[in-house]
Amino acid sequence: MNTTADARTTWDGIYAARPAATDPRPNVRLTETVAELPPGDALELGCGEGGDTLWLARRGWRVTAVDLSAVAVKRLNALARSHGLADRVTAEQHDLGASFPEAPEGPDGTEASEAPEGTDGTDGTDGTDGTDGTDDTESTGGPDGGFDLVTAHYLHTPFDLDRSAVLRRAAHALRPGGRLLVVDHGSTAPWSWNQDPDVRFPSPREVAEGLALDPAGWTVERADAPRRTATGPDGTTAEVTDHVLCVRRVRRTDGRA
């Protein structure tokens with residue numbers, strides 16, 4: 001059992017088995033990282049119940065939230081409407097291994113991110129380099145430069161997913177000055193679906209290295225492993241470790257300003 005259909009069925013079942021959240025809490029690593037940033041366009045990968053999306057929207061961010069689960073997406077759109085945030089939240093269903101959210105429209109109604117000069121708007125996966133002189137490693141971002149913030153909290157799955165490719169694409173989807181925040185599990189909580197005692201948690205630096213980003217275009221602002229007291233679905237608490245990576249895009253790498 002390892003197909004996209006299996007994954008959708010599994011995650012739909014997980015969310016459907018839970019009561020719909022009415023005011024989900026944001027993740028602490030998001031709030032501590034983003035609280036002082038000016039609002040802009042944000043993308044949340046793996047939005048789940050939507051606590052991070054709603055927190056951002058309440059602070060003026062325009063948020064595109066994606067999840068593989070249709071149940072999660074439908075609930076979040078309804079929740080955004082109930083909180084008066086429908087104009088700032090768009091929840092979409094995506095299999096991130098096959099599709100990636102488009103950049104939001106700019107103030108003039110055009111897409112905030114356009115294909116670089118010398119490309120046909122594709123992501124360069126057709127075997128050509130798709131650029132005006134750079135190689136494919138610089139053009140795998142697909143929708144390039146449309147977001148000020150991309151967040152991915154605990155984007156772990158037992159199903160096949162090239163996570164490094166997804167996060168690399170997310171880094172390319174940033175505007176200059178934008179940030180990619182990746183928060184991973186650094187320890188196993190008692191309520192985790194993965195209780196394998198031999199599981200290994202890559203460090204934030206290892207995750208950054210796996211993205212293979214050009215240091216001329218991106219810089220690591222944070223890579224650490226803070227601990228916190230977490231509360232599980234049944235109300236129990238435990239001390240857990242988060243692996244936190246924050247990457248900032250410092251400039252474009254496709255030749256445009």
* Identify, with sequence neighbours excluded, every residue that meets salt bridge (charged side-chain N to carboxylate O under 4.0 Å, His left out) alongside D95. => none
* **Over all atoms of both residues, closest heavy-atom pair of D12 and A70** => OD1-N, 3.0 Å
* To do: Using atom types as modelled and distance alone, determine if a side-chain donor or acceptor of T31 lies under 3.5 Å from a backbone N or O of V28.
  => yes
* **N27 side chain near V183 side chain, heavy-atom distance below 4.5 Å** => no
* CG of D214 to NE2 of H172: how many Å apart, nearest 0.5 Å? -> 8.5 Å
* To do: Calculate, to the nearest 0.5 Å, the distance between atoms OG1 and CD belonging to T64 and E102 respectively.
  => 10.0 Å
* Is there a side-chain contact between V66 and F100 (heavy atoms, below 4.5 Å)? -> no
* Verify side chain to side chain contact (heavy atoms under 4.5 Å, CB included) between R8 and Q93, making sure each step is shown before the conclusion. => CA-CA 10 Å; R8 287 196 186 103; Q93 185 181 19; 3.6 Å; yes
* **R62 CZ to D148 CG distance, which is reported to the nearest 0.5 Å** => 9.5 Å
* Structure fact -> By side chain to side chain donor-acceptor pair (under 3.5 Å), D234 pairs with (sequence neighbours left out) T236
* Structure fact -> For V240, the hydrophobic cluster (side chain heavy atoms closer than 4.5 Å, chained through members) also holds none
* Taking C-beta and beyond as the side chain, do L181 and V244 meet within less than 4.5 Å on heavy atoms? -> yes
* **Under the salt bridge (charged side-chain N to carboxylate O under 4.0 Å, His left out) test, residues paired with R18 that sit two or more places apart** => E49
* W61 pairs by side chain to side chain contact (heavy atoms under 4.5 Å, CB included) with which of V89, L37, D41? -> L37
* **salt bridge (charged side-chain N to carboxylate O under 4.0 Å, His left out) partners for R88, two or more places apart** => none
* Mind listing the closest non-hydrogen atom pair of W11 and T157 along with its distance? => NE1-OG1, 3.9 Å
* Under a single-linkage definition using a 4.5 Å side-chain heavy-atom cutoff for Ile, Leu, Val, Met, Phe, Trp and Tyr, are F159 and I14 assigned to the same hydrophobic cluster? -> yes
* Can you list the residues that meet the side chain to side chain donor-acceptor pair (under 3.5 Å) rule with S164, with sequence neighbours excluded? -> none
* Would you confirm whether S187, through its side chain, and T241, through its main-chain N or O, come within 3.5 Å as a donor-acceptor pair? => yes
* To do: With sequence neighbours excluded, tell me which residues meet ring pair (Phe, Tyr, Trp, His ring centres under 6.0 Å) with H83.
  => none
* Asked: How far does CG of L245 sit from CG of L211, to the nearest 0.5 angstrom?
  -> 6.5 Å
* Search all heavy atoms of T188 against all heavy atoms of F201 and return the closest pair with its distance. => OG1-CZ, 3.3 Å
* Check the pair V150 / L45 against side chain to side chain contact (heavy atoms under 4.5 Å, CB included), numbers first and verdict last. => CA-CA 7 Å; V150 181; L45 304 178; 4.0 Å; yes
* To do: Please check if atom CZ in R25 has more than 12 non-hydrogen atoms from other residues, nucleotides or ligands closer than 6.0 Å.
  => no
* Going only through I, L, V, M, F, W and Y residues with side-chain contacts under 4.5 Å, is there a path from W218 to L149? -> no
* **L79 vs P24 side-chain heavy atoms within contact, under 4.5 Å** => yes
* Asked: Can you name the residues that form a salt bridge (charged side-chain N to carboxylate O under 4.0 Å, His left out) with R205, not counting sequence neighbours?
  -> none
* Asked: Are L96 and L68 close enough, and set up right, to give a side chain to side chain contact (heavy atoms under 4.5 Å, CB included), and what steps lead you there?
  -> CA-CA 8 Å; L96 290 172; L68 181 61; over 6 Å; no
* Check which hydrophobic residues are tied to V250 through side-chain heavy-atom contacts below 4.5 Å, counting indirect links as well, and list them. => none
* Asked: Can you name the ring pair (Phe, Tyr, Trp, His ring centres under 6.0 Å) partners of H185, sequence neighbours left out?
  -> Y154, H156
* To do: List the steps and the verdict of side chain to side chain contact (heavy atoms under 4.5 Å, CB included) for L76 and L54.
  => CA-CA 9 Å; L76 179 51; L54 297 178; 4.2 Å; yes
* Asked: Which residue pairs satisfy the salt bridge (Lys or Arg N to Asp or Glu O under 4.0 Å) criterion with at least one member in residues 219-233, sequence neighbours excluded?
  -> E32-R222, R179-E221, E221-R248, R222-D224, R227-E239, R228-D242
* Kindly write out the residues that satisfy side chain to side chain donor-acceptor pair (under 3.5 Å) with D162, not counting sequence neighbours, or none if the list is empty. => none
* Hey, is the main chain of C47 close enough, under 3.5 Å, to the side chain of D52 for a donor-acceptor pair? -> no
* Answer yes or no: is there a side-chain heavy-atom contact under 4.5 Å between H243 and V207? => no
* In one Ile/Leu/Val/Met/Phe/Trp/Tyr side-chain cluster, 4.5 Å: L213, V166 -> yes
* How long is the gap from OG1 on T53 to CG on L43, to the nearest 0.5 Å? -> 9.0 Å
* Asked: Using 4.0 Å as the upper bound for N to carboxylate O, is an ion pair formed by D184 and R163?
  -> yes
* Asked: Quick one: does E92's side chain have a donor or acceptor within less than 3.5 Å of a partner on D67's backbone?
  -> no
* Do the side chains of R59 and P39 get nearer than 4.5 Å, heavy atoms only? -> no
* Compare all side-chain heavy atoms of L56 with those of L30 and state whether any distance is below 4.5 angstrom. => yes
